[in-house]
Student: 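Here's a structure for you.
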Amino acid sequence: MRGTLCFAPISDFTLVAEVETVTATTNVNLRLRDGGGTIPLPFYGINCDAVIQMDGVGAFGVTASDGFTDINGCFITTITVTNGVANDAATVTCRDVAGEDTVDISVDIP
């Protein structure tokens, strides 16, 4: 069943992004773990939101996809960047649906 844990959590969840900063449209691998970062959490919902910090022209856009972790506790979010110009910046925050952990990914246009 999607979005339903098969066991009780051992300790706080850990959500980790493969990269901390992107400069263009990119797929970013996220890993959700339990038990101090060792046990994969499969079929668990991940939500991602983008907040624009700097928009030099007024047309800068950033979105990120939501979804579920796979059998290995991994989820690939697609961060889509549109109309970025030099010095535009945003932050994508991804979280597990239980609110146990979040991870920030910076979007910085050089």
Side-chain angles (χ1 to χ4, degrees):
M1 292 187 297
R2 284 196 152 190
T4 303
L5 292 175
C6 300
F7 56 88
I10 296 170
S11 66
D12 293 339
F13 296 175
T14 303
L15 183 62
V16 177
E18 194 173 71
V19 297
E20 294 179 3
T21 303
V22 299
T23 59
T25 296
T26 307
N27 290 329
V28 176
N29 188 40
L30 304 173
R31 293 183 317 275
L32 185 62
R33 301 287 188 261
D34 186 14
T38 58
I39 301 168
L41 291 168
F43 316 119
Y44 211 76
I46 303 291
N47 295 329
C48 298
D49 298 304
V51 175
I52 306 293
Q53 271 89 38
M54 175 68 74
D55 185 353
V57 176
F60 182 45
V62 177
T63 61
S65 59
D66 300 333
F68 292 88
T69 58
D70 63 15
I71 191 114
N72 298 310
C74 295
F75 169 67
I76 296 173
T77 184
T78 299
I79 298 175
T80 303
V81 179
T82 55
N83 302 318
V85 298
N87 300 317
D88 282 350
T91 300
V92 173
T93 300
C94 296
R95 66 189 52 79
D96 65 273
V97 294
E100 291 273 339
D101 200 12
T102 63
V103 64
D104 289 335
I105 304 160
S106 296
V107 179
D108 294 316
I109 307 301

Student: Just by distance, do the side chain of Ser106 and the backbone of Thr91 share a donor-acceptor pair under 3.5 Å?
Tutor: no

Student: For Phe43 and Ile71, which heavy atoms make the closest approach, and how far apart are they?
Tutor: CZ-CD1, 3.8 Å

Student: Tell me whether Val81 shares a hydrophobic cluster with Val51, the cluster being built from Ile, Leu, Val, Met, Phe, Trp, Tyr side chains joined at under 4.5 Å.
Tutor: no

Student: Which side-chain N or O atoms in residues 14-24 pair as donor and acceptor under 3.5 Å with protein atoms at least two apart or in another chain?
Tutor:
none

Student: Residues in side chain to side chain donor-acceptor pair (under 3.5 Å) with Thr77, at least two apart?
Tutor: Ser65

Student: So which atom in Pro40 and which in Gly73 form the shortest heavy-atom distance, rounded to 0.1 Å?
Tutor: CB-N, 4.0 Å

Student: Which of these passes salt bridge (Lys or Arg N to Asp or Glu O under 4.0 Å) with Arg95: Asp104, Asp66, Asp49?
Tutor: Asp49

Student: Where do Arg31 and Cys74 come nearest, in terms of heavy atoms and distance?
Tutor: CG-SG, 3.7 Å

Student: Evaluate the side-chain proximity of Phe13 to Asp34: yes if any heavy-atom separation is below 4.5 Å, no if none is.
Tutor: yes

Student: Identify whether Ile52 and Ile109 are in the same connected component of the hydrophobic contact network (ILVMFWY, side-chain heavy atoms under 4.5 Å).
Tutor: yes

Student: If you draw a 6.0 Å radius around CG in Asp70, do more than 12 non-hydrogen atoms from other residues or ligands fall strictly inside?
Tutor: yes

Student: Do Asn83 and Val57 come within less than 4.5 Å of each other through their side chains, counting heavy atoms only?
Tutor: no

Student: With rounding to the nearest 0.5 Å, note down the distance linking CG in Leu41 to CZ in Arg33.
Tutor: 8.0 Å

Student: With rounding to the nearest 0.5 Å, note down the distance linking CG in Leu32 to SG in Cys94.
Tutor: 11.5 Å

Student: Could you pull out the closest heavy-atom pair between Thr69 and Pro42, with the gap in Å?
Tutor: OG1-C, 3.2 Å

Student: State, to 0.1 Å, how close Ala98 and Tyr44 come at their nearest heavy-atom pair, and which atoms those are.
Tutor: CB-OH, 2.9 Å

Student: State, with a plain yes or no, whether a side-chain heavy atom of Asp12 is found less than 4.5 Å away from one of Asp101.
Tutor: no

Student: Would you check if the side chain of Asp88 reaches a backbone N or O of Phe60 as a donor-acceptor pair within less than 3.5 Å?
Tutor: no

Student: Contact between Asp96 and Leu30 at the side-chain level, heavy atoms closer than 4.5 Å - yes or no?
Tutor: no

Student: Atom OG1 of Thr78 and atom CG of Asn27: how far apart are they, to the nearest 0.5 Å?
Tutor: 4.0 Å

